[in-house]
Amino acid sequence: MPIHNAKFTSFGSYVPKKVITNFDLEKIVDTTDEWIRARTGMMERHYAEPEEAASDLAYIAAQRALEASPLKHRDIDMIIVGTVTGDHAFPSTACILQKKLGMKNIPCFDLSAGCTGFLYSVDVAKNFIENGTKHNILVVGVEILSKVTNFKDRSTCVLFGDGAGATIISRTERNDISRIIDSVMYADGSQSDLLYQPAGGSRMPASQETVEKNLHTIYMEGNRIFKNAIRSMYAAVDELLRRNKLEAKDIDWIVPHQANIRIIESLADKLHFPMNKVIVNIEKYANTSSATIPIALDEAIRDKKIRRGDLVILTSFGAGLTWGAILARF
Ligand code: ACO
């Protein structure tokens, strides 16, 4: 039994202004709007400007989450940023964000779990709150995948967009109905080579050859990931439901990672869960990796779809391979 409960206090999000439609992509790679829409559900995505970095997007999302909460900057006692496209290999984007927000003397770190980065970060924050160590933790999922995209590879370059979503996870009273109830997180490193960025780390440092061969961009075996994604997210959600003696019909909303509308529909189908209770915004933003779930949550709360008291499941899948699910009463 944890000492305290943790809850989502508020959300904020930001996507860069530049919109890239499927028709724009038709001009640079051998693809069609029809293929992208039919195979992925995506219609447009947002790209950062050359001078914009992850911490710039994260800063705006974080400010919006703070403004939507009753908290002041000085109330935040930890920052966790889920990202694989941070400003630099080091220092962490969380430290750069701390500087921008003017927060002092708190621990800040990044967490790398691909598209599951936000859920992993929320899970870590939940534990710090529940064991009584922290009171209010700023968690951000941010990604600028357009800067690690190979625009010669049509099977990946149409899939990704840039964006940031932020939340504040806070300690809450025992009688507060809002709380993060349960979570499951998993990884299977034996499949790490299905989705990765080959160069730029200590395995293959940057060289003229790595740049010429486009090895600093995303490599993905989409087909093999596709089947894994449905199976793993289903297993994670099913485990959460069983452990909490719930059935799918007890859940008000599912907010899944937005990687492919066919993955989302297959997941809903396997769970016998109606699509009109699944939050989908993939048509507007495409796959923003660790930012998809907090952006979707922020929009769904502002649109008054998800309301206080609703029982919500978040689930994601990504590089690692990693996956997980979170059950929360909003
Ligand atoms: N435009 C036109 N044709 C295309 C395009 C494109 N953009 N991309 C691929 N094709 C073609 C292929 O060349 C292939 O042609 P062929 O039959 O002549 O060989 C055909 O379309 C089918 O290719 P598939 O790869 O089998 O297409 P699929 O239906 O599997 O869709 C996709 C590909 C969208 C990548 C899908 O597999 C997918 O969504 N995978 C999961 C991605 C994911 O969830 N990743 C994890 C999260 S991402 C992260 O962590 C950063």
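Both counts, for ligands and for their atoms, begin at 1 and track the order of listing. Residues: numbered from 1 along the sequence shown.
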- Message: Suppose I only count heavy atoms of Leu195 and a 4.0 Å limit; which atoms of ligand 1 are within that range?
- Response: 46 (C), 48 (S), 49 (C), 50 (O)
- Heavy-atom distance to atom 21 (O) of ligand 1: which of Trp35, Phe226, Trp323, Phe160 wins? Trp35
- Task: Return yes when at least one protein heavy atom is under 4.0 Å from atom 26 (O) of ligand 1, and no when none is.
- Result: yes
- Query: Does the pair Asp24/Lys27 count as a salt bridge with the N-to-O cut at 4.0 Å?
  - Reply: yes
- Name the option, out of Ala113, Ala259, Cys157, that contains the heavy atom nearest to atom 44 (O) of ligand 1. Ala259
- Should Arg45 and Asp162 count as an ion pair when the cut-off is N to O under 4.0 Å? no
- Give yes or no for whether the N/O distance cutoff of 3.5 Å, strictly under, is met between Ser289 and ligand 1. no
- Message: Under the rule for ring pair (Phe, Tyr, Trp, His ring centres under 6.0 Å), what residues qualify as partners of Tyr219, not counting sequence neighbours?
- Response: Tyr196
- Task: Would you mind checking which non-hydrogen protein atom is closest to atom 41 (C) of ligand 1, with the distance to 0.1 Å?
- Result: Gly222 O, 3.6 Å
- For atom 51 (C) of ligand 1, state which one of Gly41, Cys115, Ala38 supplies the nearest heavy atom. Cys115
- Per-atom contacts, ligand 1 versus Val158 - under 4.0 Å to a heavy atom: 7 (N)
- Side-chain ion pair, Glu221 and Arg224, N-O less than 4.0 Å: yes
- Task: Using a strict cut-off of 4.0 Å, indicate which atoms of ligand 1 neighbour a heavy atom of Thr40.
- Result: 34 (C)
- Counting heavy atoms only, which of Ile263, Thr85, Ile225 is nearest atom 45 (N) of ligand 1? Ile225
- Item | Rounded distance (nearest 0.5 Å) linking atom CG of Leu241 with atom CZ of Phe273 | 9.0 Å
- Query: Are any of the N or O atoms of Arg262 closer than 3.5 Å to those of ligand 1?
  - Reply: yes
- Message: Would His257 count as being in polar contact with ligand 1, using the rule that some N or O on each side must be under 3.5 angstrom apart?
- Response: no
- Right, does atom 4 (C) of ligand 1 have protein non-hydrogen atoms nearer than 4.0 Å? yes
- Message: Pairs of nitrogen or oxygen atoms closer than 3.5 Å, one from Leu145 and one from ligand 1: do any exist?
- Response: no
- Are any of the side-chain nitrogens in Asp30 or Arg154 under 4.0 Å away from the carboxylate oxygens of its partner? yes
- Polar atom proximity, Arg154 to ligand 1 (N or O, under 3.5 Å): yes
- Taking 4.0 angstrom as the limit, do Lys284 and Glu299 come out as a salt bridge? yes
- Can Asp176 and Lys7 be counted as an ion pair, charged N to O under 4.0 angstrom? yes
- Task: Would you check whether Thr32 has a nitrogen or oxygen atom less than 3.5 angstrom from a nitrogen or oxygen atom of ligand 1?
- Result: no
- Which ligand 1 atoms are under 4.0 Å away from a heavy-atom of Asn260? 34 (C), 36 (C), 38 (C), 39 (O)
- Should the pair Tyr47 and Phe151 be assigned to parallel (<30°), tilted (30 to 60°) or perpendicular (>60°) ring geometry? perpendicular
- If you measure from the Lys or Arg side-chain nitrogens to the Asp or Glu carboxylate oxygens, is any gap between Asp182 and Arg243 under 4.0 Å? yes
